[in-house]
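For reference, the structure is listed below as structure tokens.
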Amino acid sequence: MNPLLSLKDVTAFYGVSQALFGVNITLNQGEVVALMGRNGMGKTTTIHTICRLLPHSDGIITFKGTDISTLPSYKIAQMGVGLVPEGRRCFPNLTVKENLIATARKGEWELMSVIDLFPRLGEREGQFANTLSGGEQQMLAIGRALMTNPTLLILDEATEGLAPVVRQEIWAAVSTLKHAGLSILIVDKSLKELLRIADKCVLLEKGESVWAGVAKELTPALCDRYLGV
Ligand code: ATP
């Protein structure tokens, strides 16, 4: 079976500055893969390279068996990659409902199912996104990505800066999505929660993948060496 997403020897550049030096990821349908590494090791850059928000890259990136490494971002989204970007990036002057329907595509995820997942969004439906709390904006960013009915959901630091109780709500939602069979690539600082939810991990060091394996094989020595914990 072909992987849903595959990166082979992916490199990427910010102008003349090289940020990725050889990233390899294999994510099969229905898997949750955690992309891990200390600050500045290239996690967000890898995500931007997959979505082609950073176009200066080399190597092979396939999604559903198709080479996507030269496609524009909107095509990659249309093919079924749903991105929840770092910093949420909700449309500030649109209401919650408008943010959600702006990206909607036909499928099981629609306004009501997103509100079932995050009832708070239902209560805030008519409110402008820039008046929401950080946690509510995060729920909105996840809901907006789900409204595209993605085959692969990419979550970049979805719990960053949130109160513990709100973080737990986000993790509960991610767990619901995993158990519903959604494929997920996830970056997060909370090791404990990541290891609870991930099937596999990929460790990045200085823009290079240095270890990949099932989450339960991530030993304390590897965590110490590559994650500094
Ligand atoms: P963090 O956990 O801090 O978000 P990260 O693992 O996501 O870190 P990246 O943000 O992908 O790391 O950064 C990887 C490398 O690319 C770093 O050396 C960083 O300084 C560099 N970099 C990131 N964004 C830019 C940019 N816009 N221009 C130039 N270099 C950048």
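Only heavy atoms go into these numbers, but all of them, side chains included; no hydrogens, no water, no symmetry mates. Position 1 is the first residue of the sequence; numbering continues from there. Start at 1 and go down the list; that is how both ligands and their atoms are numbered.
At least one N or O atom of Thr44, backbone or side chain, sits closer than 3.5 Å to an N or O atom of ligand 1. Residue contacts with ligand 1: Ala19 is placed with no nitrogen or oxygen under 3.5 Å of a nitrogen or oxygen of the ligand (distance criterion only).
When only non-hydrogen protein atoms are considered, atom 26 (C) of ligand 1 lies nearest to Tyr14 CD2, 3.4 Å. Among all non-hydrogen protein atoms, the one lying nearest atom 6 (O) of ligand 1 is Lys43 NZ, 2.8 Å. The single protein non-hydrogen atom nearest to atom 9 (P) of ligand 1 is Thr45 OG1, 3.5 Å, given as residue, atom name and distance. Summary of contacts: the protein heavy atom closest to atom 4 (O) of ligand 1 is Glu86 OE2, 3.8 Å. Of the protein's non-hydrogen atoms, the one nearest atom 12 (O) of ligand 1 is Gly42 N, 3.2 Å.
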What donor-acceptor contacts under 3.5 angstrom involve side-chain atoms of residues 121-130, with partners at least two apart or in another chain?
| residue | atom | partner | partner atom | Å |
| --- | --- | --- | --- | --- |
| Arg124 | NE | Glu136 | OE1 | 3.4 |
| Arg124 | NE | Glu136 | OE2 | 3.0 |
| Arg124 | NH2 | Glu136 | OE2 | 3.0 |
| Gln127 | NE2 | Thr131 | OG1 | 3.1 |

Cut-off 3.5 Å, no hydrogens considered: what does the side-chain donor-acceptor table look like for residues 158-176, sequence neighbours left out?
| residue | atom | partner | partner atom | Å |
| --- | --- | --- | --- | --- |
| Thr159 | OG1 | Asp188 | OD1 | 3.0 |
| Thr159 | OG1 | Asp188 | OD2 | 2.8 |
| Glu160 | OE2 | Lys189 | NZ | 3.4 |
| Arg167 | NE | Leu162 | O | 3.2 |
| Arg167 | NH2 | Leu162 | O | 3.3 |
| Gln168 | NE2 | Glu193 | OE2 | 3.4 |
| Glu169 | OE1 | Arg120 | NH2 | 3.3 |
| Glu169 | OE2 | Arg120 | NH2 | 2.9 |
| Ser175 | OG | His179 | ND1 | 3.4 |
| Thr176 | OG1 | Ala172 | O | 3.0 |

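Using modelled atom types, one finds no donor on one side chain facing an acceptor on the other under 3.5 Å when comparing Ser183 with Glu31. In summary, the side chains of Arg88 and Gln137 do not present any donor paired with an acceptor at a separation below 3.5 Å, with no hydrogens or angles considered. Judged by distance alone, the side chains of Thr11 and Asp58 never bring a donor and an acceptor atom under 3.5 Å apart.
Residue contact check: Arg38 has heavy atoms under 4.0 Å from atoms 6 (O) of ligand 1. The ligand atoms of ligand 1 that sit less than 4.0 angstrom from a heavy atom of Met41 are 5 (P), 6 (O), 12 (O).
Between Ser17, Gly40, Gly207, it is Gly40 that holds the heavy atom closest to atom 18 (O) of ligand 1.
More than 12 non-hydrogen atoms from other residues, nucleotides or ligands lie less than 6.0 angstrom from CG of Leu53. Within 6.0 Å of atom NZ in Lys97, 12 or fewer heavy atoms from other residues, nucleotides or ligands are found, so the atom counts as exposed in its surroundings.
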